Amino acid sequence: MTEALEKLRQEVRTWLEANAPRNWRETCTSHEAFLDTQRSWFAKLVEGGYGVPHWPAEWPGGGRSLAEQKVIYEEFARADTPRLLLSFMSTYHAASTLFEWGSEAQQRKYIPRILQGEIWCQGFSEPNAGSDLAGLRTRAERRGDVYVVNGQKLWSTMGQFADKCLLLVRTSDERAKQAGLTYLLLDLKTKGVTARPIRQIHGDEEFAELFLDDVEVPVEDRLGKEGQGWAVAQSTLSSERGLTLLELSARLRGSLWRLAALIRDAGREADPGVLRDFGRLATKIDATVAIADQFLATRIAGEERVGDASLVKLTYSRTLRDFTSLGIRLGGMEAQYHAPIVFGGGMETGNWMADFMNSYAWTIAGGSDEIQRNIIAERLLGMPREPKNWTLAGDVA
Amino acid sequence: MTEALEKLRQEVRTWLEANAPRNWRETCTSHEAFLDTQRSWFAKLVEGGYGVPHWPAEWPGGGRSLAEQKVIYEEFARADTPRLLLSFMSTYHAASTLFEWGSEAQQRKYIPRILQGEIWCQGFSEPNAGSDLAGLRTRAERRGDVYVVNGQKLWSTMGQFADKCLLLVRTSDERAKQAGLTYLLLDLKTKGVTARPIRQIHGDEEFAELFLDDVEVPVEDRLGKEGQGWAVAQSTLSSERGLTLLELSARLRGSLWRLAALIRDAGREADPGVLRDFGRLATKIDATVAIADQFLATRIAGEERVGDASLVKLTYSRTLRDFTSLGIRLGGMEAQYHAPIVFGGGMETGNWMADFMNSYAWTIAGGSDEIQRNIIAERLLGMPREPKNWTLAGDVA
Amino acid sequence: MSLTRAELQDAARKAFGETGLAPDAEQSWALIADLGWLMMSVPEALEGLGLGAVAAGAIHSEFGRVLMPGPAIAQMLAIEALAAADTLAVRDELIARAMAGEVMTASLSGAVDGRLTCVPDADRASQFLIVSDARVSLMPRADAGMKVTPRETWDRTRRLFDVTFEHNADGLVLAEGAAALALAERLRAQLLFALAGDSLGGADAILQLTVDYLMVRRQFDRPLAMFQALKHRVADMKTVLSATEALFWARASAPAPSLADMGALKANATTVYRAIAEEAVQLHGGIGLTMEHHCHLFLKRAMLNCALGGDADRWEEAAGRQMLAQAVA
Amino acid sequence: MSLTRAELQDAARKAFGETGLAPDAEQSWALIADLGWLMMSVPEALEGLGLGAVAAGAIHSEFGRVLMPGPAIAQMLAIEALAAADTLAVRDELIARAMAGEVMTASLSGAVDGRLTCVPDADRASQFLIVSDARVSLMPRADAGMKVTPRETWDRTRRLFDVTFEHNADGLVLAEGAAALALAERLRAQLLFALAGDSLGGADAILQLTVDYLMVRRQFDRPLAMFQALKHRVADMKTVLSATEALFWARASAPAPSLADMGALKANATTVYRAIAEEAVQLHGGIGLTMEHHCHLFLKRAMLNCALGGDADRWEEAAGRQMLAQAVA
């Protein structure tokens, strides 16, 4: 087993030496360059057989165990390849949901196109349904063979570049909010769809807002039954199996040289306070790598508990914030001058203010830190859930 | 006005030079020495006219404005006199409550004895009613001319040394928990009263537990009407007018030399990290003094808002924790060796572990930090109160 | 003349309450001059208002509250330096022009290396204050030999420049020798005080906006303000802010605060501003991450304020060193 | 022999689950020897169990969990040092006696100044390990010329002593020269690792006790565990603890962790222990402030663990220095 993994590691490493894109950090300063890099890198990976290692064995490039996937991603991090941002939703969220809920016809229609580079985005969040997804309001009304959809979606990752969308809509107003949801596969070229990129505070546009105005979706593009949307969405949300944070922690570990360089540039190698803060951060990063690693091992062993993923996400997001904060502190005034961002450059590009602001994506998106704390307290520690119904106190504090 | 205050300051200073006890920090290593020091110092203050400056003018030693009291307490801090721990409840809590709610007969009976050194304690908290005072369960049943009291009280400051007790009891089980409370004046020599000192984690015994077993309290020793206890208790709780924290912040400021000495002893004068932490703490202490000062000014001007006191208490308690923590850190292994505590030595004696543990009295007692945060959020910032009634959530996190 | 803190705050809020956050630079500059705020600390003998540090603190705090653009802090430094140049013939005229709104700027960097960086609105300034321990001088805009380089910051509410003068020209000397040293210290202290005020005003504004948002924004069928974990975080922010505000006003009226005292105040105030702005982004959730919302404006200005005038590392160390020297049993 | 972490934890909890916190020193010491835990890392050739760092980590963690008294950490250091003395004639006999429970102790101070401080149970020890970079030796108890001074700590779960030997006796030399240097480094790393394990076990125990308390204790007509602000604080504690535990096990099985790595781990683990013990006292409220409750035992042991073996300041600086040397683009 371990020998086979070591063999795979060597294979991947050799392949990456020949195929990994170079200098992309210098060139990706426009959306166009970013899209080009992402598309050609994904195509090359598919060709090499490393594009979708997590897919079932019956699909080309699939059939790798989690342990094998871990090796592959560790090598990606080591080679500092571009992260697969553009195709991430397609190969994980869309594919996994289709594998679990799609009819054979739906799978045959959509899966091969993903390998050819078709891009999916996710249409779950809404302006008034962020952390509280069950409260979403985008309506779909069935009229004969189509659903007519009206509403607005937010935070669709890469939505402005996507071809298709995993769309969660409300088809009825039953008392249990989840029961009224239905899951649709939306072609974004359909009439009535408008995608508008969301300008983030550091200047990137990784997300889009989708406006849906009398958009017709054929009933055959429904995943699962009407009213089953919540269950289908759970598949989508749990499709990523813990590799992302392993990869990101490894990349964070590999970026410590940026802070070391700053310490040297600032001539603060002899400042014990700075050394201690740096040492503490490095240790925290090692701990983040360790917990991500342990989490994956738990998953591989089939022993994951609800809440374990929250521990990893919370740890990573705090560590990333600390990392970028220390960069800003050491960078001093220099860090306050604006520098253009590297599109798709990842979480630690050395553009400290941009990286710092980008780190909020991790403490807010994908279940905010606050939601993760609820999950840890309630699911891992067995504390009571939040009250469901309540009345406000009167004159007693 | 300012001139008069300056004159007072000189008067007090001169008086203190002649009368302030010396060396009490060295001698107060037993309860006996502590009690002696406290009693003789209070007697001397009463004699000098500085024992109860906050009392109404009709009582000897009273009639000082808040501004004058501030000057007096600043001078006490400056001279590092023993804090008036033993008589504090008597001169503030008991006296203020008696002034506001006591009949003429009750005032004539009890007030002069306070000046003679009679010690009062407070019997409010209970094992199951800490932060939630309204939930107390100690029962008093009226039988003819007496109330028969059964129950248990906790955290009575100096209860084991006290003569009398301000006792809050339940006389009925009405729906609004506060409405069933009644306020009694209990002579602790009454049959059925047992006082047991509570051993605190740093070794001091500043508090007592009171066990009340068929204790008879004459009806004439009731303050206010039956069922009015909650309102009377509010007077007790608000009797301290903001001077304590001003005095304590000033004493904290005056104790920074202890940390400076530690830094020098540890040879860390050139460690920028330590200097920064020390500088940050010193600034935080200055801010604590400033907010305590501002709070008193607001009270003097009659412009206090509900919640202002919480800001001061929370600030002081966190600053004290930081102060003692830095002492432990700089003290290293030396700070871990046990040293006998100074009874009544105040919050910063240089016995770092003892001081550190004692600082929890400020984050827990007298309304924990958590209660203060509720008050600030709800009363100062207008956020909703905690829910009164609630049902737990079902399957939705 | 005498104006209370409350009166000044009231006037500022009336003037800028309706223009909204980060108002138009040109219009607000004209308004600031009109309202006489650039005359604030100028002695009455020189046609100023002769108000002290408390008044200046109130004004800078109000500027911070609305994310005021423009060179107000630098301008006040230039005016202060001019007012100190007793024997200078052109002084009164220059002060009058400055009070009327002619831009005279200065470095906000807090660096003592003599370079002229972090100079606000240098492109439209007529005069440049140059401060060193040996000499304080005013350099007029020159058509030749002067280089004004815009340095775009993440914070767009300020416009900073690097400035160099090719020929080592002397400019107008305002102070030399011991007088220069004393003036330089005072100017540095004032810069730190102004940045602290700006930060506290900004912190208070974004804290209030955050509370407002929590009261309105609903998740899980209730306003976010009902979640105790969020209430407690907001309460903690309110507490640290209140303590720092108290320190600010105490130092504003202290008889002789040292440079390290002012630096520690500035470090404290900017640290609090940054912490509150960070919490504001987090508590606003997704919307706080977009350019559409105002959270990021406060966050970026907070971060810039942390760096201007010397950072917390520098001033906390200085305060520690000072306290170590002072604190003796 | 092979025992998994889970098996060891299981055995420990069976053995100590019923004796309660801070069990009787003499009884538990006998039990530890009986269970073979002092043989843990002794090679099988020397009649030990030949288990590695993971097993030792599990044991120290369980000791921390029950606030185990006694000299277990020191004893294991002495045994480890003996095992390294290949050529020593009396080695096997000494190891056998030590594994059987005869107390051989060592300093836990982590200081490198050669003084023998923080020596647990020195009053009942037969041998004293003395470690320097040049020589590692074992000093037998001497009736004359030896001074054993009890040093009472705030933490009463450990009994520490200062030890001096009047005549500069040599004792039994276990290693010298390069071998001594390597052994000294290994012993220091093991001390740090043991203290980290002790801390994580203690932190996990007091965190669980705190959650239990919050579930039971009611205020305002509901269990404290329903207050979200408290839930979030507990969740944060659980998170930092879990990450540090993951690091602990990762370093336990890492091929060659450096001394600085182990020091940084120990700094991290003790900082987390202290933070959790502090929160435990706060969340227990009044009862946590009394000697009647067990909170203070954990708090005091956490604080002592912070100081033993070198504090966070020392090891974080060392880790920073190491990373600065390693981290190159």
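Given the structure is predicted, the values throughout are model-derived calculations rather than measurements. In what follows, chains are A, B, ... by sequence order, proteins preceding strands, each numbered from 1.
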Need one label for Leu207(C): side chain, backbone, both or neither, based on atoms under 4.5 Å from any heavy atom in chain B. neither
Taking side chain as everything from C-beta outward and backbone as N, CA, C, O, which of these in Arg222(C) sits under 4.5 Å from a heavy atom of chain B? Side chain, backbone, both or neither. neither
Just checking heavy atoms, which of residues 197-204 of chain C are less than 4.5 Å from chain B? none
Which bit of Val211(C) comes within less than 4.5 Å of chain B, counting heavy atoms only: side chain, backbone, both or neither? side chain
Does any backbone or side-chain atom of Ala225(C) lie under 4.5 Å from a heavy atom of chain B? Answer side chain, backbone, both or neither. both
Of all heavy-atom pairs between Lys238(C) and Leu381(B), which one has the smallest distance, and what is that distance? CD-CD2, 3.9 Å
By side-chain hydrogen bond (donor to acceptor under 3.5 Å, both in side chains) - contacts of Ser61(C) (at least two apart): none
Under a 4.5 Å heavy-atom cut-off, does chain C meet the side chain of Glu370(B), its backbone, both or neither? both
Sort by residue number and list every residue of residues 269-293 of chain B having at least one heavy atom under 4.5 Å from chain C. Glu269(B), Pro272(B), Leu275(B), Arg276(B), Phe278(B), Gly279(B), Arg280(B), Ala282(B), Thr283(B), Asp286(B), Ala287(B), Ala290(B), Ile291(B)
Thr239(C) and side chain to side chain contact (heavy atoms under 4.5 Å, CB included): which partner among Leu380(B), Val312(B), Leu311(B)? Leu311(B)
With rounding to the nearest 0.5 Å, note down the distance linking OG1 in Thr315(B) to CG in Leu247(C). 11.5 Å
Looking at Gly254(B), Pro384(B), Ser310(B), Ala260(B), which has the largest count of heavy-atom pairs under 4.5 Å with chain C? Pro384(B)
Structural part of Asp313(C) lying under 4.5 Å from a heavy atom of chain B: both
For a 4.5 angstrom cut-off between non-hydrogen side-chain atoms, does His232(C) reach Asn374(B)? yes
Hey, does the side chain of Lys231(C) reach the backbone of Ile375(B) with a donor-acceptor pair shorter than 3.5 angstrom? no
Find the distance between CG (Asp236(C)) and CD (Gln372(B)) and round it off to the nearest 0.5 Å. 11.5 Å
Go through Glu245(C), Gln228(C), Arg321(C) and name the one with the most non-hydrogen pairs under 4.5 angstrom from chain B. Gln228(C)
Run the side-chain contact (heavy atoms from CB on, under 4.5 Å) test against Glu279(C) and tell me which residues pass, sequence neighbours left out. Arg233(C), Met237(C), Gln282(C)
Can you see which heavy atom on Ala377(B) is nearest to which on Ala235(C), and at what distance? N-CB, 4.2 Å
With a 4.5 angstrom heavy-atom cut-off, which part of Met215(C) approaches chain B: side chain, backbone, both or neither? side chain
